[in-house]
Structures are given as structure tokens and as C-alpha cells.
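Below is one structure, written out as C-alpha cells, with a few remarks after it.
Sequence lines set the chain letters: A, B, ... in the order given, protein chains first and strands last, and positions in each chain run from 1.
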Number of protein chains: 2
Amino acid sequence: MSKRMSGGAPLRVTMDEVARSAKVSRQTVSRVLHDNAYIAPGTRERVRKAIEKLGYVPDAVARSLAHKRTYLVAAVLTEFAGYSRARILMHAEEEARARGYNVFICGSLSSPKGEPLESPLLNSQKYEGVLILYRGSVDDRFALFKQIHRDVPVVTLGYAPKMPQVRRIVLDDRGGAYRAVKLLLSSGRRTIAQIAGPPGRFDTSGRMQGWREALADFGIQAEERLVRHAQWTPEAGYDQTCSLLNDYDGIDAIFAHSDLIAIGCLRALNEYGLKVPHDVAVVGFDNISIAALLTPSLTTVDQPFAEIGRTAMQCLIARIEGGDVGKMSRAISAELVIRESTTVS
Amino acid sequence: MSKRMSGGAPLRVTMDEVARSAKVSRQTVSRVLHDNAYIAPGTRERVRKAIEKLGYVPDAVARSLAHKRTYLVAAVLTEFAGYSRARILMHAEEEARARGYNVFICGSLSSPKGEPLESPLLNSQKYEGVLILYRGSVDDRFALFKQIHRDVPVVTLGYAPKMPQVRRIVLDDRGGAYRAVKLLLSSGRRTIAQIAGPPGRFDTSGRMQGWREALADFGIQAEERLVRHAQWTPEAGYDQTCSLLNDYDGIDAIFAHSDLIAIGCLRALNEYGLKVPHDVAVVGFDNISIAALLTPSLTTVDQPFAEIGRTAMQCLIARIEGGDVGKMSRAISAELVIRESTTVS
DNA sequence: TTGTAGGCGTTATCAT
DNA sequence: ATGATAACGCCTACAA
């Protein structure tokens with residue numbers, strides 16, 4: 001347990017003081033606050049004035065205790081590194097705020113020194129729902145889900161164990177990848193390598209699946225040696241592309257599972273003296289903000305971050321507020337954005 | 001006010017139930033929970049077992065009410081767009097969690113439809129401190145500070161009104177910029193343009209100051225027409241660079257106030273047929289993760305995100321826990337990272 | 001070593 | 001239309 005020293009909030013005006021000042025009971029003040037109908041106009045005015053004068057602000061904690069609601073939602077994510085998570089989070093928070101909820105971050109699942117923190121979710125504030133933006137392997141995700149109380153609504157990006165309280169927002173990884181690879185094939189590319197995300201993840205496998213299907217549609221054998229796995233970073237993309245180029249000759253296109261990986265590819269290709277798109281075409285995935293302004297600008301599969309974030313939060317809040325959202329998962333499509341990295345002019 | 005429908009948390013086991021089950025008083029349970037010394041070993045065991053059996057978890061809200069502490073800190077930031085804020089936030093959260101605090105996001109200061117939200121900070125959960133990662137103009141920041149209760153500790157990135165409860169983490173913008181521009185000058189560049197951040201911001205002016213001083217040290221007149229202002233985006237960087245190149249001939253270096261802006265510069269320069277670094281050298285600011293893998297890799301001023309985030313949170317927590325951190329502001333240095341975009345080989 | 005009483009600031013319920 | 005009283009779940013202080 002961590003040290004918790006003295007400190008605390010400054011003294012605040014309470015309802016009782018307002019009541020005394022307005023010469024009414026506490027209840028009446030509460031009623032004014034909640035726009036209760038049964039209140040004499042004069043009384044209401046008096047109370048309003050007292051509130052104003054004393055600068056009274058209701059205590060959210062006390063309210064929560066009585067109410068049994070916190071309007072607090074936890075967002076689980078270990079690394080914002082990939083940019084995309086941060087953007088999704090931002091839009092999710094926007095949606096939450098507009099509906100009167102606050103989002104708190106449940107970040108580091110391990111301490112700065114490395115040891116895993118004991119159930120950070122359980123030790124946390126009381127939350128009414130959990131949004132999982134966590135990018136972990138299937139196993140890690142299972143471990144995470146076990147920490148969450150079985151009655152708390154959960155919305156997660158990507159796949160998850162089938163549990164009654166869980167809903168999923170699923171990007172059409174397969175479809176997006178399929179369209180990307182098909183574009184490459186249509187423009188005459190035939191030896192299409194792939195720098196995939198880490199293995200053992202559903203998004204990785206979905207995108208690999210799309211790659212395979214597109215090749216199959218063109219009657220091309222999917223060769224496993226054209227596949228490399230990388231963390232979602234430019235460094236890893238660079239390393240794996242080098243490895244690929246060392247091992248294999250004649251690659252005329254690369255499908256990278258993320259834009260950051262693709263940036264690493266571009267770098268490696270350049271160092272090997274290969275021109276993009278002339279010698280090798282490159283497609284990324286995500287459509288992060290710089291993709292359009294790289295040289296060459298990057299053809300990529302657009303992940304609609306705003307839609308994902310908002311939809312996820314809407315879904316979560318709907319569950320919290322008792323609505324049955326029905327379907328177990330909600331699909332989001334991923335469209336191709338064609339730019340210079342695939343277009344020989 | 002936003003709609004708040006039914007919903008709420010699932011029923012939880014309370015301390016009373018544990019007490020009854022262990023045949024002790026509520027207080028004894030509390031003592032076991034707090035590792036109080038005055039407890040008979042047998043009793044402790046019995047209570048532990050009861051807690052285990054019933055799956056009791058203390059209610060954070062009730063605890064907060066009695067305790068008068070929430071261990072909740074608000075992080076204000078309007079847009080994660082610049083990546084850097086997201087990274088700083090991530091490290092700040094890590095530090096907070098390690099010390100037993102939770103960070104909630106106070107994002108959108110305006111609703112999705114555009115109207116400004118009425119004091120999102122006041123309407124929020126009760127927080128014990130505020131971390132301001134907000135990138136607004138001086139005026140906007142003042143408006144923000146007015147929303148914060150005068151007794152709540154605040155730590156902010158960059159400059160801020162001098163208020164007793166406010167502490168600042170200040171990056172050495174001037175020094176970083178100075179070193180960047182000096183490098184350009186040392187390598188023989190003489191017509192050094194600048195794509196600055198939005199005007200009316202202290203970081204922008206600090207960096208502009210560094211530019212001016214470096215030029216002065218080399219006896220070169222700082223020409224205002226070599227300066228453009230841009231939002232911190234690649235698009236804006238691109239536009240302003242084009243504008244610059246249209247208006248002015250003979251530019252042999254550009255100092256961009258952020259890496260994203262620099263990416264826009266690189267694009268524009270490329271379209272104008274200018275080679276980097278041969279014809280024009282480029283320096284960025286931030287050292288975001290892709291800077292090293294762009295082609296050419298980007299010379300830039302490193303902003304130590306981890307240090308900034310952690311230091312800010314440490315400072316905030318120190319203030320919350322009563323320690324007087326002393327100094328009004330804490331400086332963080334920004335070192336130059338030299339890469340290809342300035343190095344003619 | 002353990003228990004009792006009272007309070008934290010609100011909301012819910014019942015009474016007037 | 002307003003007020004009194006009892007929760008809400010925990011903690012602190014004091015009593016035994």
C-alpha cells in the first residue's frame with residue numbers, strides 16, 4: 001500500500017448552513033436544488049439567495065453515498081504510445097462528459113518499477129462501468145477481466161471473453177485489411193509482405209486474415225515467410241522490414257498493421273534504396289494525423305477514432321443506465337484511404 | 001444539466017455484514033483492515049476469513065466521506081492531438097497510481113456541439129488537486145483558473161497567473177530553441193525561418209526568444225518576415241511553410257516549434273523540390289517517437305515527457321499532502337537531439 | 001483488546 | 001409546502 005499522508009479538501013459550506021441562513025430545513029434546500037415542484041416561490045428565492053451568498057456547492061461524495069451513484073467510469077489502457085488509444089479516449093471522454101459522467105484513467109497495470117500492481121481496478125474509486133482500451137494479448141485480457149466485478153458493465157475494444165456484462169466494439173479488421181491488400185493486387189503487385197502486429201491478438205489475426213483472403217481471391221499463395229510480427233512501434237516496423245528485405249528478394253508491396261509500423265517500413269525501404277511506391281508500395285493501418293503529410297503520403301486503412309470512442313462510451317452508459325443494448329458486439333467499418341504510397345503516377 | 005437516469009452499482013457487502021459474520025463489532029473489522037496493532041491474533045484471523053468468504057471490498061465513497069479525502073486528481077486537457085500531452089498524462093497517471101491517487105480527465109471544455117460547458121471542473125467529482133495540461137492561450141488559461149476553487153492545489157505546465165495555490169513546471173523553451181538555432185548557425189546556415197506555435201502563448205514566445213538570441217549571438221538581424229505562426233499540426237506546418245517559400249527566397253533552415261509542424265515542413269520542402277538537409281535544414285521540437293524514423297530523421301529539441309509528467313504529479317501530490325514545495329516553479333531542461341535533418345554528410 | 005456513540009453531507013421517507 | 005428522522009458505509013474518539 002502506498003503512503004497516504006495528511007492533507008484533504010478545504011472546508012466547504014454545507015447544506016445545513018444554507019438551510020440555517022435561509023431559515024428553512026435542510027430538505028427544503030435539497031428540494032430547491034433538485035427543482036422539486038412543491039416549493040413556495042418565495043422560499044425558493046430565499047434559498048437561492050442563500051446558496052449564492054454562501055457560495056454553496058453540493059458535495060459530490062456525500063451525494064454519491066446517499067445516491068449510490070458515482071457517475072465515474074474507468075478507462076483501462078496501459079500505453080497511450082500508439083496515439084490511437086489517446087484519440088479514442090479523448091472522444092470517449094467527451095461523450096461521457098456531455099452525459100454527466102467523469103472518466104478516470106486506470107493506466108499502468110504495473111508499477112514504475114515493474115511489479116504488477118495488485119488489482120488496480122479494485123483498489124480504485126468506485127466506478128459504474130469500465131471501458132477497456134487495453135492493448136494486451138488474449139491472456140492478459142483474460143487476467144484483466146477477472147479483476148472486474150461481475151456486475152459492472154464493461155465495454156471493450158476488440159474481442160473479449162463472452163461474459164454477460166461485456167459488450168464489444170469491434171473494428172472490421174479483416175475487411176479493412178482485405179481492401180488494402182486488394183488495392184495492392186489490383187495495381188499489379190504480386191509479392192505482398194506483411195508486417196503484422198504482435199501474434200496472439202484478435203486484431204492482428206483479423207488483419208492477417210484479410211491479407212490471406214485477398215491473396216486467395218487473386219489466386220496467390222499466401223506465404224508465411226512474407227510475414228513478420230512487430231510491436232506497434234516505428235522501431236519494430238523498421239527492424240522487421242530490414243529482416244524481411246534481407247531474407248527475401250522481390251517484394252513489391254508491404255502491408256503494415258499500423259501507420260507507425262509503416263513509418264518504420266518507409267525508413268527501411270529508403271535505406272535499402274527502394275523507392276516507394278515505384279519499387280515497393282506500402283499500406284498502413286489507422287490513418288493517424290500525420291499519415292497524409294508524410295513523403296510519400298501514406299495509403300492506409302482509416303480507423304474512425306471519434307466514432308469508436310463515442311460509440312463505446314454511449315454503449316457503456318446505456319448499459320449503466322439499465323438499457324439493454326442488445327447485441328453483444330457492435331461493428332465499425334474501416335475504410336481505405338488511398339494516397340501516394342501505393343500510387344505510381 | 002445532462003440526463004441522469006436510473007442505474008447504479010450492484011449491491012455490495014458492507015462492514016456490518018462482515019462484523020456479524022465474524023461475531024465482532026464493526027470497529028474490529030475496521031481495525032483488521034487498517035492493520036491496527038491492538039487485535040487478538042485469533043480475532044484477526046476470524047475477521048480475515050469472513051472478509052474473504054463474503055468477498056468484502058471497502059466502499060471508496062463512504063470512506064471518502066468519513067475521511068474527507070478522495071484521492072482523486074483532475075487532469076485538464078482539451079486535445080490530446082499533439083501526442084505530447086497524452087504521453088505526459090500517461091506518466092503523470094503512473095506516478096499518481098503508484099502513490100494511491102486516481103486521475104480523472106477533464107477534457108472537452110466545450111460540448112460536442114460547441115457551446116462551452118458551464119464550469120466542468122466545478123460540476124465534477126471532488127478532486128484534491130488539478131493538473132493543467134491544457135494548451136490554451138493566456139486568456140483561456142486565465143478563464144480556466146477562475147473556475148478552480150482558490151484552495152485547491154494546482155500544478156500547471158507552462159506559465160500561469162501567480163496565485164498562491166499554483167505551482168508550475170516550466171520547460172526551458174528558450175534554452176532549447178537557442179541550442180537548436182545555434183546548431184543551424186554553426187553549420188553555416190544564415191537565413192533561418194521559424195514556424196512558431198500560435199501567438200499569445202508563453203511557450204511560443206520562449207522559443208521565439210531563443211531563436212532571436214541565437215541569431216543575435218551570431219550578429220544576424222532577426223527578421224519578422226521569416227516568422228510564421230501555426231497551430232501545432234502537420235497541416236498548419238505545411239501551409240505556413242508553403243507561404244514562407246512563396247514569399248521569400250534563400251531560406252536555408254527552418255526552426256519548427258513542434259515535430260508535427262516540422263513534418264508539415266518536410267512535406268512542403270519536398271514539394272518545392274528542396275532537399276533536406278542539403279538545401280534547407282530543419283529542426284523540430286518535442287522529440288516524438290517517430291522523429292527518429294522519419295526520412296530524413298529529424299533533429300529536434302527533446303521534451304522529456306516522462307520527467308515532466310512525473311515531476312508535475314509529484315509536485316501536485318506533495319502540495320496535496322501538505323508539503324510546501326517551496327519554489328513557485330520548477331524548470332525542466334530541453335536538450336537538443338541531432339539527427340539527419342540538419343546534418344550534411 | 002474490543003465495543004459504543006457520534007458524525008461526515010447528502011437523499012428518501014414519512015409525517016404534518 | 002415544509003420538516004423531522006433515518007439511512008448511506010465508513011472512521012474517529014472515547015469508553016470499557
*Which sits closer to the 5' end of DNA chain C, Pro41(B) or Tyr56(A), going by the nucleotide each is nearest to?*
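The residue mapped nearer the 5' terminus is Pro41(B).
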
*Applying side-chain contact (heavy atoms from CB on, under 4.5 Å) between Ile332(A) and each of Val170(A), Leu157(A), Thr311(A), report the one that passes.*
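Between Ile332(A) and the candidates, side-chain contact (heavy atoms from CB on, under 4.5 Å) is satisfied uniquely by Thr311(A).
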
Check whether any side-chain N or O of [X] sits under 3.5 Å from a backbone N or O of [Y] as a donor-acceptor pair, and report yes or no.
X: Arg46(B); Y: Ala22(B); answer: yes
X: Arg167(A); Y: Pro164(A); answer: yes
X: Ser21(A); Y: Ala50(A); answer: no
X: Arg26(B); Y: Met15(B); answer: no
X: Glu17(B); Y: Thr14(B); answer: yes
X: Glu128(A); Y: Thr70(A); answer: yes
X: Ser64(B); Y: Val61(A); answer: no

Round to the nearest Å and state the distance from [X] atom [atom1] to [N] atom [atom2].
X: Asp35(B); N: dT1(C); atom1: CG; atom2: P; result: 14 Å
X: Arg26(A); N: dG9(C); atom1: CZ; atom2: C1'; result: 8 Å
X: Met15(A); N: dT11(C); atom1: CE; atom2: C1'; result: 8 Å
X: Asp16(A); N: dC8(C); atom1: CG; atom2: P; result: 9 Å
X: Lys23(A); N: dT2(D); atom1: NZ; atom2: C1'; result: 16 Å
X: Tyr38(A); N: dC14(C); atom1: OH; atom2: P; result: 15 Å
X: Asp59(A); N: dG7(C); atom1: CG; atom2: C1'; result: 14 Å
X: Glu45(A); N: dA1(D); atom1: CD; atom2: C1'; result: 16 Å

Does [X] have a side-chain nitrogen or oxygen under 4.0 Å from the phosphate oxygens OP1 or OP2 of [N]?
X: Ser64(B); N: dC8(C); result: no
X: Thr28(A); N: dA1(D); result: no
X: Thr14(A); N: dC8(C); result: no
X: Lys68(A); N: dG9(D); result: yes
X: Arg63(A); N: dT11(C); result: yes

_Side chain of Leu65(B), heavy atoms from C-beta onward: which of dC8(C), dT2(D), dG3(C) has the nearest atom to it?_
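Within the option list, the nearest is dC8(C).
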
*Counting side-chain heavy atoms from CB outward, which of dG3(D), dG3(C), dG9(D) is closest to Ser25(B)?*
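Per side-chain heavy atoms of Ser25(B), the pick is dG3(C).
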
Find every protein N or O atom lying less than 3.5 Å from an N or O atom of nucleotides 12-16 of chain D, and list the pairs.
| from | atom 1 | to | atom 2 | distance (Å) |
| --- | --- | --- | --- | --- |
| dT12(D) | O4 | Gln27(B) | NE2 | 2.8 |

*asked:* How bent is the helix from dT1(C)-dA16(D) to dT16(C)-dA1(D), measuring the angle between the end axes built from five pairs each, rounded to 10°?
replied: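 Rounded to the nearest 10 degrees, the bend comes out at 40°.
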
*Roughly how far, to the nearest 0.5 Å, is the CD1 atom of Ile308(B) from the CZ atom of Arg85(B)?*
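Separation between the atoms: 8.0 Å.
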
*Under 4.0 Å between a Lys/Arg side-chain N and an Asp/Glu carboxylate O for Glu93(B) and Arg97(B)?*
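So Glu93(B) pairs with Arg97(B) through a salt bridge.
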
